[in-house]
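Since the structure comes first, as structure tokens, the remarks are kept for the end.
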Amino acid sequence: MNIESKNGISGAGLWGLLILRILIGWHFLYEGMVKLVNPDWSSVGFLLDSQGLFSKVFISMASNPGLLRIIDLLNTWGLILVGLALILGVLNRVATWGGIALLALYFLSHPPMVGLKFSAPSEGSYLWVNKNLIEMAALYVIYLFPTSHLIGIDRLIYRRKV
């Protein structure tokens, strides 16, 4: 059966979505691995630098050492698992929502709004839209047009269920 007619996605569109899925997966995987192999990494600085509507919540998380260890573990392994799932094309829908949730937390902690100054230098000048929001939107597109059931481990899983 023709992949294009079965899913309504052209060959070029399918390749574009696959490349997008793999690139975002790589970004997540690499960010997680960097945190995993660095024994000095902690989210404490990021959380303490939080500003905006939810800053008190993020700052309070940083002030609790036990909670901070759990946050660091969940953040690191969340990034790694989402990245692997996207690259391998397994549990695509779970991975996209997991990635969106992580990015939403980063966005809410450091919202790109006028007048907010963060200790870490920004890569550019943002107003409402930054790389986290763009990557969230891209993950939503991957959710809407999943490629893992065509090219990925999900294809093997769902084929066996039929």
Side-chain angles (χ1 to χ4, degrees), residues 7 9 12-55 57-59 61-62 67-113 116 118-158:
N7 297 289
I9 302 172
L14 175 63
W15 281 106
L17 289 167
L18 176 65
I19 290 167
L20 182 63
R21 186 188 90 201
I22 291 170
L23 290 175
I24 293 173
W26 173 257
H27 179 228
F28 273 76
L29 177 61
Y30 186 76
E31 288 289 333
M33 291 303 296
V34 166
K35 291 165 179 50
L36 183 66
V37 300
N38 181 354
D40 296 326
W41 179 83
S42 174
S43 62
V44 68
F46 183 81
L47 292 170
L48 288 174
D49 193 36
S50 176
Q51 295 186 38
L53 185 61
F54 300 101
S55 63
V57 173
F58 291 110
I59 291 169
M61 290 175 175
L67 181 59
L68 185 62
R69 281 191 292 280
I70 292 169
I71 290 168
D72 288 348
L73 183 73
L74 291 174
N75 187 45
T76 299
W77 283 102
L79 289 166
I80 291 169
L81 293 174
V82 167
L84 283 173
L86 290 171
I87 290 169
L88 298 174
V90 63
L91 301 173
N92 185 82
R93 296 195 179 248
V94 173
T96 54
W97 282 114
I100 289 169
L102 284 169
L103 291 166
L105 289 170
Y106 306 152
F107 184 86
L108 292 172
S109 175
H110 288 70
M113 296 170 30
L116 298 182
F118 298 103
S119 62
S122 137
E123 296 174 349
S125 299
Y126 302 113
L127 178 60
W128 300 110
V129 178
N130 66 7
K131 64 183 180 181
N132 291 327
L133 188 61
I134 293 167
E135 202 166 27
M136 278 190 280
L139 281 171
Y140 185 63
V141 169
I142 292 169
Y143 173 80
L144 293 175
F145 300 100
T147 57
S148 63
H149 66 284
L150 300 171
I151 302 172
I153 293 175
D154 280 349
R155 180 177 181 171
L156 302 172
I157 294 169
Y158 293 114

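Here, residue 1 is the first one in the sequence, and each next residue gets the next number. Scope of the values below: all heavy atoms of this structure, side chains included, with no hydrogens, waters or symmetry mates.
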Which heavy atom of [X] sits nearest a heavy atom of [Y], and at what distance?
| X | Y | value |
| --- | --- | --- |
| N75 | K35 | ND2-CE, 3.7 Å |
| G98 | V82 | C-CG2, 4.0 Å |
| L47 | I59 | O-CG1, 3.5 Å |
| S148 | V90 | CB-N, 4.5 Å |
| A62 | L68 | O-CD2, 4.1 Å |
| Q51 | P111 | O-CD, 3.2 Å |

* Are Y106 and N130 linked by a side-chain donor-acceptor pair shorter than 3.5 Å? -> no

Beyond-backbone contact of [X] with [Y], side-chain heavy atoms, under 4.5 angstrom:
| X | Y | value |
| --- | --- | --- |
| L139 | Y143 | no |
| L53 | L108 | no |
| L103 | F28 | yes |
| D154 | T147 | no |
| M61 | V57 | yes |
| T76 | W41 | yes |
| L91 | I157 | no |
| L29 | I80 | yes |

* For the residue pair H110 and F46, categorise the inter-ring angle as parallel (less than 30°), tilted (30 to 60°) or perpendicular (more than 60°). => parallel

Using 0.5 Å steps for rounding, measure from the [atom1] atom of [X] to the [atom2] atom of [Y].
| X | Y | atom1 | atom2 | result |
| --- | --- | --- | --- | --- |
| D49 | F58 | CG | CZ | 12.0 Å |
| I87 | H27 | CD1 | NE2 | 11.5 Å |
| L150 | F145 | CG | CZ | 12.5 Å |
| L105 | L74 | CG | CG | 10.5 Å |
| Y140 | W97 | OH | CH2 | 6.0 Å |

* I151 vs L14, side chain to side chain contact (heavy atoms under 4.5 Å, CB included): CA-CA, chis, key distance, verdict -> CA-CA 9 Å; I151 302 172; L14 175 63; 4.2 Å; yes

* Asked: Which residues pass the side-chain contact (heavy atoms from CB on, under 4.5 Å) test with R69, sequence neighbours left out?
  ->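 R69 satisfies side-chain contact (heavy atoms from CB on, under 4.5 Å) with P65 once adjacent residues are dropped.
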
* To do: Before giving the answer on side chain to side chain contact (heavy atoms under 4.5 Å, CB included), spell out for T96 and L86 the whole-Å C-alpha distance, their side-chain angles and the decisive distance to 0.1 Å.
  => CA-CA 8 Å; T96 54; L86 290 171; 4.1 Å; yes

* To do: Could you tell me whether the side chain of D72 and the main chain of S43 form a donor-acceptor pair under 3.5 Å?
  => yes

